[in-house]
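Inspection log for the structure reproduced underneath, given as structure tokens.
Residues take their numbers from the sequence shown, with the count starting at 1.
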Amino acid sequence: MDTNTTSEAPARAGRREWIGLGVLALPTLLLSLDVSVLNLALPHLSADLGASATQQLWIMDIYGFMIAGFLITWGNLGDRIGRRKLLLFGAAAFGVASALAAYADSPNTLIAARAVLGISGATLMPSLLALIGNMFHDPKQRGTAIGVWMSCFMGGMALGPVAGGALLDRFWWGSVFLLGVPVMVLLLILGPLLLPEHRDPTAGRTDLPSVVLSLATILPVIYAAKKLATDGFAATTLLPLLAGVVIGIVFVQRQRKLASPLLDLRLFRNRTLSSALGVALLCSATMGGVTLLVSLYLQQVAGLSPLEAGLWLVPSFALAIVGNLAAPNLARRIRPAYAIAIGLLVTAVGLLLITQVDDKGGIALVVTGYAIAFAGTSPMGVLSTELVVGSAPPEKTGSAAAMSETNGEFGIAMGIAVLGSVGAAVYRGRMDDNMPADVPAGTADTARDSLSGASQAAADLPGAVGEDLLSVAREAFTGGLHIVAVSAAVAMVAFAVLSVVVLRHVRPSAESEQQPDGTADGTAGKSEPSTVGSATTQS
């Protein structure tokens with residue numbers, strides 16, 4: 001149980017808390033590595049297990065679906081039963097599921113194991129962030145701790161291609177999943193010794209109908225967002241989206257009536273928390289769409305393998321790590337809103353560089369632009385997360401952490417859907433205008449659908465005709481990338497202005513004097529934090 005709800009200066013973390021942060025860094029590193037490494041293993045496991053195209057998609061997607069669907073449920077449960085307890089339970093389940101995935105003997109077994117990995121991974125994410133919020137009460141220290149935590153996540157993304165490539169060169173595809181076993185065993189040993197337990201002693205029972213409603217809301221919406229980027233506004237896209245929205249309305253209405261809701265909507269009354277979530281949602285959506293098109297450019301226009309593309313993106317993650325660690329220090333001197341805005345303006349510059357890339361394989365330029373853009377979002381990522389966790393009452397940090405993580409999942413899915421659709425629309429329009437006359441009608445339809453389709457079609461055509469088709473397709477895709485990058489740059493400038501407008505009331509964390517209790521922003525039941533991460537208490 002946390003007692004940091006008084007107006008006294010928050011206690012500073014000591015050696016045990018910082019060592020505990022190191023323990024929390026291990027599963028964080030692993031979770032992000034697990035996402036990136038599967039891209040390399042997929043061709044190997046598909047050939048070994050005989051996975052169909054549909055099964056390959058489910059092997060890739062089921063993990064993210066389960067994480068997105070269960071974050072809210074597990075974040076709330078962690079508040080009720082204890083965040084450390086939930087973390088250790090999830091670690092044990094993740095380790096077992098990793099072993100099952102490594103030795104899967106059929107595609108369906110691997111899909112089931114990946115589903116369990118996603119469900120257990122959803123227990124880890126909010127628990128990790130909530131424990132950081134409980135261990136580091138001092139705003140300055142908490143900002144640094146969250147910067148380190150996010151840097152570990154970026155480190156896992158950077159190490160994924162390297163570690164995956166090394167393992168696949170020497171061992172079978174299942175070795176990439178076995179990485180999770182020793183990490184989780186170590187967490188199970190060290191966690192009880194170094195991590196404190198925190199929970200809400202006043203929480204009631206978990207409302208099971210709300211759990212079902214939350215899953216029935218989130219999963220169809222995430223699924224529809226993924227389908228929108230590939231299928232457009234088809235029935236298979238709109239029906240799940242509509243179902244998710246309708247069920248979501250029912251879910252919200254139920255939460256309003258419950259004394260102990262699964263998602264405490266009162267948290268959104270806090271201006272800092274809701275504003276930080278809004279800015280983070282918009283920015284993650286924008287970068288999610290850009291990341292998709294940059295990855296496709298590197299592989300389908302520049303002709304890189306997934307491993308080579310991953311290695312070219314390592315500088316992006318390295319710069320982001322630097323930004324993550326620098327952001328808390330910057331927010332000690334200037335208001336977080338200005339730190340976020342400066343970073344987003346830097347992101348806009350990087351995105352404008354991407355508009356100068358041509359279709360002849362400008363790898364260095366696209367990687368440089370993306371690295372600058374990605375690094376510019378670091379202050380937004382670290383500071384918005386810190387604002388969300390620090391603005392919630394201590395007994396609700398698990399729920400706040402889950403909201404932050406779910407917000408990111410929704411943002412990325414939404415960005416892939418919207419900006420992916422924009423890129424696809426530009427591609428199809430330019431292919432219609434510039435399709436080589438010698439391409440047969442059926443082949444032209446395949447090439448018009450996507451760049452990968454054009455590549456397959458070009459391979460079946462005579463030399464010169466195939467080369468012309470592939471050149472037109474690459475130029476059309478690059479044109480779509482340019483439109484998306486320009487749109488994203490304009491959006492980032494707008495988001496920079498928005499962050500200043502909605503978050504300028506939050507003071508730099510170096511201003512340690514807190515406002516007197518009861519200073520509110522006009523919302524019921526909440527006082528507004530005067531510095532980054534100041535605990536919000538019930539008034």
Legend entry - Side-chain donor/acceptor of T28 to backbone N/O of L24, under 3.5 Å: yes
Legend entry - Least distance between heavy atoms, A99 atom then V181 atom: N-CG2, 4.2 Å
Legend entry - Nearest non-hydrogen partners of Q255 and P261, listed with the distance: OE1-CB, 3.3 Å
Legend entry - From I119 atom CD1 to F70 atom CZ, the distance as rounded to the nearest 0.5 Å: 4.5 Å
Legend entry - From CD (E197) to CD1 (I81), nearest 0.5 Å: 8.0 Å
Legend entry - Beyond-backbone contact of L128 with E405, side-chain heavy atoms, under 4.5 angstrom: no
Inset, instruction - Look only at the side chain of R84 and the backbone of L195, and say whether a donor-acceptor pair between them is shorter than 3.5 Å. - result: yes
Inset, instruction - Can you sort out the partners of F268 under ring pair (Phe, Tyr, Trp, His ring centres under 6.0 Å), two or more places apart, ordered by chain and number? - result: none
Inset, instruction - Working to the nearest 0.5 Å, report the span between CG of L100 and CZ of R114. - result: 13.5 Å
Legend entry - I146 to V382 - nearest heavy-atom pair and separation: CG2-O, 3.9 Å
Inset, instruction - Using a 4.5 Å cut-off on heavy atoms from C-beta on, say whether the side chain of V493 contacts that of L345. - result: yes
Legend entry - Point-to-point distance, once rounded to the nearest 0.5 Å, from CZ of F94 to CG of L188: 12.5 Å
Inset, instruction - Could you tell me which non-hydrogen atom of V388 sits nearest to which non-hydrogen atom of A400, and how far apart they are? - result: CG1-O, 3.6 Å
Inset, instruction - Give a yes-or-no answer on whether the side chains of R254 and S214 include a donor-acceptor pair shorter than 3.5 Å. - result: no
Legend entry - S404 side chain reached by V389 side chain, heavy atoms, under 4.5 Å: no
Inset, instruction - Can you sort out the partners of V346 under side chain to side chain contact (heavy atoms under 4.5 Å, CB included), two or more places apart, ordered by chain and number? - result: I372
Inset, instruction - Compare all side-chain heavy atoms of W149 with those of L131 and state whether any distance is below 4.5 angstrom. - result: no
Inset, instruction - Mind listing the closest non-hydrogen atom pair of P379 and A339 along with its distance? - result: CB-O, 3.7 Å
Legend entry - Test item: L293 and L419 side chains (from C-beta on) under 4.5 Å apart, heavy atoms: no
Legend entry - Non-hydrogen side-chain atoms of F136 and E386 separated by less than 4.5 Å: no
Legend entry - Approximate separation, where rounding is to 0.5 Å, of F251 CZ and I72 CD1: 7.0 Å
Inset, instruction - Check whether any side-chain heavy atom of L124 sits under 4.5 Å from a side-chain heavy atom of L87, and report yes or no. - result: yes
Legend entry - side-chain contact (heavy atoms from CB on, under 4.5 Å) assessment of L179 paired with S98: CA-CA 8 Å; L179 286 171; S98 296; over 6 Å; no
Legend entry - Beyond-backbone contact of T347 with M287, side-chain heavy atoms, under 4.5 angstrom: yes
Let me have the donor-acceptor pairs involving side chains of residues 274-285, under 3.5 Å, with sequence neighbours excluded, atom names and distances please.
{"residue": "S274", "atom": "OG", "partner": "N270", "partner atom": "O", "Å": "3.0"}
{"residue": "S274", "atom": "OG", "partner": "R271", "partner atom": "O", "Å": "3.3"}
{"residue": "S275", "atom": "OG", "partner": "R271", "partner atom": "O", "Å": "2.7"}
{"residue": "S284", "atom": "OG", "partner": "A280", "partner atom": "O", "Å": "2.9"}
{"residue": "S284", "atom": "OG", "partner": "L281", "partner atom": "O", "Å": "3.1"}

Inset, instruction - Test V183 against L29 for side-chain contact (heavy atoms from CB on, under 4.5 Å), laying out the working first. - result: CA-CA 10 Å; V183 170; L29 192 70; over 6 Å; no
Legend entry - Nearest heavy atoms of L194 and R16, plus distance in Å: O-NE, 3.6 Å
Legend entry - Flag, side chain of S106 to backbone of T109, donor-acceptor distance under 3.5 Å: yes
Inset, instruction - Would you confirm whether N324, through its side chain, and A320, through its main-chain N or O, come within 3.5 Å as a donor-acceptor pair? - result: yes
Inset, instruction - Verify side-chain contact (heavy atoms from CB on, under 4.5 Å) between L26 and M184, making sure each step is shown before the conclusion. - result: CA-CA 8 Å; L26 293 174; M184 294 307 168; over 6 Å; no
Inset, instruction - Determine whether the aromatic ring centres of F317 and F374 lie less than 6.0 Å apart. - result: yes
Legend entry - Pairwise distance CH2(W74) to CD1(I67) - rounded to 0.5 angstrom: 13.0 Å
